[in-house]
Structure formats: structure tokens, C-alpha cells
Novice: 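One structure, as C-alpha cells, below. Some questions next.
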Amino acid sequence: MAKCISSSIIFAPSSSSTRTLKPSLLHFQTPKRSLRSVLSPRSRNPFSVFIRATVAIEKETPENERPDTFLRATDDPHSSAAASPNTVRARFEKMIREAQDEVCAAIEAEDGVGKFTEDVWSRAGGGGGISRVLQEGGVWEKAGVNVSVVYGMMPPEAYRAAKGGDSLEKPGPVPFFAAGISSVLHPKNPFAPTLHFNYRYFETDAPKDAPGAPRQWWFGGGTDFTPAYIFEEDVKHFHQVQKQACDKFDPSFYPRFKKWCDDYFLIKHRGERRGLGGIFFDDLNDYDQEMLLAFATECAQSVVPAYIPIINRRKETPFTDQHKAWQQLRRGRYVEFNLVYDRGTTFGLKTGGRIESILVSLPLTARWEYDHEPEKGSEEWKLLDACINPKDWI
């Protein structure tokens, strides 16, 4: 039976500011056992929001040590050497684990205070993952960098979530392999941008003459930039690094994946993007597999040079309560997109995945203010205008 999952929403009084802002701040927490929603003192009726997984693939098991690999030779029916370092599966796992180490080391060095905590987990049916989270650091409010390498049987609903549509022509569970790195970095300073990146590799299969999806593979991922305030030099630097990574493989990649990113991160019910874009691609298998593995590797290795120099410039910029309140409103948009539209979140919830890893992208705090509109011509308005009307930055 699939377990019920709820996100705790705790309302706390907002701090005073140079401008009166009445709504309260939202603190997102996902305690492991008792998940309750506690309302503000004005309301006497607490509520809980439950999201039921369609099919729980398996409950994770905590582990004390990181394994050298989450692969086992017996897990791939098409290869007697699935754990061989020469397979795409093995090399992709190696890449994402090295990227996790590199990003976490850079974050800790720039933060100067916070340290990542680590959870290692496994699944009896195959695979596992490493979740690392830094909270309440010197620079970052919350930073999560997760890797997972999982395989087994996937329900049809989860396959459609992974493929982004009604892709399954025949009913029945789908044998699958999925590996990826996913990270969201939320700084404290409202002038320092949030960053998200995710790179993943999927395989699906079906036993011969059995119903299910055909055997196929694809890559997906991207890196995108979500500031609360626009500094053009920062945005241009970020996009330039993405373009350089793309141009090493195909000059059409950057404009194509930049537009894909702008389209994907659209909050449809608001008519605005989550942020100022970057690159995004999915279901990519129309190029040589080795080339795409190298491309995903290059993109993952570009995260630190694209982001850390910007944080170094902005992390100590003075700000007011009004600046902080605007950052919290934009964080609210971030939450809306992730819980309503994000395919990774949908896939995780529909497969009964590890809830702490699935929801690590949510910030510690966010804000919703009724009918808020920034003053036309203000710095806040400029950010919103750029989210409504995407532009070419380079």
C-alpha cells in the first residue's frame, strides 16, 4: 500500500520592514514521522495536505557507508557486466558522484560556516542514493545536492510522468533504470540568485513478447538561474558559461535548449517563468550516446564556474526587509512550479520515492501576498517583466 505524504506548512509572523507587508512567512519542513500543519493563531482549524503515491516502488533503507557503486552485475538482463566501469550506466554514475563532490566542496568553501549532512540509502530491488543538505549556513539558507541510481519496475503512471505525456502504448509495469544528480541552492541574501541543476539518464525495457515500453534510453537535464533582482553582468556570465558548454558539441544546442528552458519553467497559471532561464533538455536520444554522455558531463562540470563567482560578488550586498520580502515572494513562485509542474517531482511522488530527496528543492521559507504587484519601473518590476517576457542575454 502506498504511503501518504504531507508537507508541513508553518505560519510565522513576518518581520517589520520599511514597507508594510501583512502576509506571514511560510516555512516548509518535511519531518520524517509526524507531519502536521500548524496554522497562525487566527485560525483554530489545522489542516494537512496529503499527496498519495500512485505506486510505491519500494521503501528506502538507510545505510551507514557510501558504496563504491550502486550497480550490480545481475541488475541488467542485457549485460552480464552492468557494473563494469565501461558501461554508460557506470560512467554516468561516476560522473554524477564526482559532480556532487565538486559542487558540495565549492558550496562549503564559499559558505564558510555550513557543512553538508549526508544520508545514504538503498533499495532492495536495486540501487540507492546519496542525499546531502546544508541548512542555515553563512551564505545559503538551504542547499541540497542529491544523486540517485535506481532500477526496478516502474508503474505506467510513473513512466508517463518520466516521459512527460501518454507515452506508454501498452499497460503493465515497465523495467527501468534511472540515474541522476539534482540540486537546488537557495542563498540568504536576496541579491544572490538561486540555482537549480539536474542531469539524468534513463533506460526502459520490456521482456521479449511482453507488454510494456520498448527498450530505449535518453538523457535529460539543465541548469537554470533564478535571481530576485537582475544584475545584467551576472545573468550574462551565467548564460555565457551555458553557451560555451553547448558550443563544444553543437552550436544549435544553446539557442534550442535556452528556449526549451524558457518554455519548460513557465508557471502556466501565472503566465510567468520561474526565473531567468538557462538551458533545459529532455528525452534526448537523437544523437550518439557517447556524445550525449560527454555533453551531460560538460554541463555538470560547468555548474561551479557559472554560479560561484556570482555568489562571491553578491553574498555580502547590504539589503533591506523590503528586498527580503520580494525574495520570499519569488520563492513562492518557485514552490508553485515545483509542486504543480515539475516532472521530476511528479515522477518521484508517483513512484513513492524518498520524500526528503524529492522535496529538498523547496526553500526553508517562502511568501504569498494577496494581489501583489510591484511598482512599474522598480527593480522588482524589471525582474517580473523579464520572467514574463524572456530575452536573449548574450
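If you're wondering where the values come from, they're calculated on a predicted model, not measured in any experiment.
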Novice: Any Lys/Arg nitrogen of Glu141 or Arg331 sitting under 4.0 Å from an Asp/Glu carboxylate oxygen of the other?
Specialist: yes
Novice: Take Glu272 and Leu384, measure what side chain to side chain contact (heavy atoms under 4.5 Å, CB included) needs, and give me the verdict at the end.
Specialist: CA-CA 8 Å; Glu272 62 189 65; Leu384 181 59; 3.4 Å; yes
Novice: Can you tell me how far CG of Asp288 sits from CG of Leu292, rounded to the nearest 0.5 angstrom?
Specialist: 7.0 Å
Novice: How about Asp111 and Leu134: do any of their side-chain heavy atoms sit closer than 4.5 Å?
Specialist: yes
Novice: Do you reckon Tyr341 sits in the same ILVMFWY cluster as Val184, going by side-chain contacts under 4.5 Å, direct or chained?
Specialist: no
Novice: Evaluate the ring planes of Tyr287 and Phe253, with Trp represented by its six-membered ring, and classify them as parallel (under 30°), tilted (30 to 60°) or perpendicular (over 60°).
Specialist: perpendicular
Novice: Using 4.0 Å as the upper bound for N to carboxylate O, is an ion pair formed by Lys259 and Asp263?
Specialist: yes
Novice: Are side-chain N/O atoms of His323 and Glu379 paired as donor and acceptor at under 3.5 Å?
Specialist: no
Novice: Answer yes or no: does atom CD of Glu316 have more than 12 heavy-atom neighbours from other residues, nucleotides or ligands under 6.0 Å?
Specialist: no
Novice: Could you walk me through whether Phe249 and Met291 pass the side chain to side chain contact (heavy atoms under 4.5 Å, CB included) test, one step at a time?
Specialist: CA-CA 8 Å; Phe249 296 87; Met291 182 266 224; 4.1 Å; yes
Novice: Do Phe197 and Asp224 have side-chain heavy atoms sitting under 4.5 Å apart?
Specialist: no
Novice: Please give me the minimum heavy-atom distance between Pro318 and Phe191, naming the atom from each residue.
Specialist: O-CE1, 3.2 Å
Novice: Between Arg89 and Glu93, does any NZ, NE, NH1 or NH2 come within less than 4.0 Å of an OD or OE carboxylate oxygen?
Specialist: no
Novice: Tell me if a side-chain donor or acceptor on Tyr229 pairs with a main-chain N or O of Pro193 at a distance below 3.5 Å.
Specialist: no
Novice: How about Phe281 and Tyr264: are their ring centres within less than 6.0 Å of each other?
Specialist: no
Novice: Which pair of non-hydrogen atoms, one from Gln328 and one from Thr365, has the smallest distance, and what is that distance?
Specialist: OE1-OG1, 2.7 Å
Novice: Heavy atoms, side chains only, cut-off 4.5 Å: are Lys188 and Glu136 in contact?
Specialist: yes
Novice: Is the closest side-chain heavy-atom distance between Arg333 and Arg274 below 4.5 Å?
Specialist: no
Novice: Within the side chain of Ser183, is there an N or O that forms a donor-acceptor pair under 3.5 Å with the backbone of Gly144?
Specialist: yes
Novice: If you define the side chain from C-beta out and look only at heavy atoms, does anything of Asn64 sit under 4.5 Å from Val120?
Specialist: no
Novice: Membership question, hydrophobic clusters at under 4.5 Å side-chain separation (ILVMFWY): are Val360 and Leu185 in the same one?
Specialist: no
Novice: Can you confirm whether Tyr201 sits close enough to Phe177 that some side-chain heavy atom of one is under 4.5 Å from a side-chain heavy atom of the other?
Specialist: yes
Novice: Check Ala228 against Leu383 and note the closest heavy-atom contact, atom names and distance.
Specialist: O-CG, 3.3 Å
Novice: Tell me whether Asp234 is salt-bridged to Arg314, with the criterion being a basic N under 4.0 Å from an acidic carboxylate O.
Specialist: yes
Novice: Describe, in one word, how the ring planes of Phe265 and Phe280 are oriented to each other, choosing from parallel (under 30°), tilted (30 to 60°) and perpendicular (over 60°).
Specialist: perpendicular
Novice: Using a strict cut-off of less than 4.0 Å between a Lys/Arg side-chain nitrogen and an Asp/Glu carboxylate oxygen, indicate whether Arg343 and Asp283 qualify as a salt bridge.
Specialist: yes
Novice: Show the nearest heavy-atom pair for residues Lys142 and Gln135, with the distance to one decimal.
Specialist: CE-OE1, 3.8 Å
Novice: Would you call the rings of His239 and Tyr254 parallel, tilted or perpendicular, where under 30° means parallel and over 60° means perpendicular?
Specialist: perpendicular
Novice: Any donor-acceptor pair under 3.5 Å linking the side-chain atoms of Gln327 with those of Lys324?
Specialist: yes
Novice: Got a salt bridge between Lys236 and Glu233, using NZ or NE/NH1/NH2 to carboxylate O under 4.0 Å?
Specialist: no
Novice: May I ask you to check whether over 12 heavy atoms, not counting those of Asp371, lie within 6.0 Å of atom CG?
Specialist: yes
Novice: Does the side chain of Ile311 reach to within under 4.5 Å of the side chain of Trp140, using non-hydrogen atoms?
Specialist: yes
Novice: Let me see the working for Cys299 and Ile279 under side chain to side chain contact (heavy atoms under 4.5 Å, CB included), right down to the final yes or no.
Specialist: CA-CA 9 Å; Cys299 291; Ile279 59 171; 3.9 Å; yes
Novice: Can you name the closest pair of heavy atoms from Trp326 and Pro374 and give their distance?
Specialist: CH2-CG, 4.2 Å
Novice: Before you tell me yes or no, could you show the steps for Thr61 and Ser122 under side-chain hydrogen bond (donor to acceptor under 3.5 Å, both in side chains), namely the whole-Å CA-CA distance, both residues' side-chain angles and the distance that decides it to 0.1 Å?
Specialist: CA-CA 5 Å; Thr61 300; Ser122 65; 4.6 Å; no
Novice: Taking everything shown except Asp286 itself, do over 12 heavy atoms lie less than 6.0 Å from its CG?
Specialist: yes
Novice: Examine His196 together with Phe337 and report whether their ring centres are nearer than 6.0 Å.
Specialist: no
Novice: With a 4.5 Å limit on heavy-atom distance, are the side chains of Tyr307 and Asn312 in contact?
Specialist: no
Novice: With rounding to the nearest 0.5 Å, note down the distance linking CG in Asn146 to CD in Glu356.
Specialist: 10.0 Å
Novice: Thinking salt bridges, do Arg132 and Asp119 make one under a 4.0 Å N-O criterion?
Specialist: no
Novice: Going by an N to O cut-off under 4.0 Å, is there a salt bridge joining Glu380 and Arg330?
Specialist: no
Novice: Going through the distances and angles, do Trp121 and Ser148 end up as a side chain to side chain contact (heavy atoms under 4.5 Å, CB included)?
Specialist: CA-CA 9 Å; Trp121 50 274; Ser148 62; 4.0 Å; yes
Novice: Look at Arg97 together with Glu102 and state whether they make a salt bridge at an N to O cut-off of under 4.0 Å.
Specialist: no
Novice: Between Asp385 and Asn389, is any side-chain donor less than 3.5 angstrom from a side-chain acceptor?
Specialist: yes
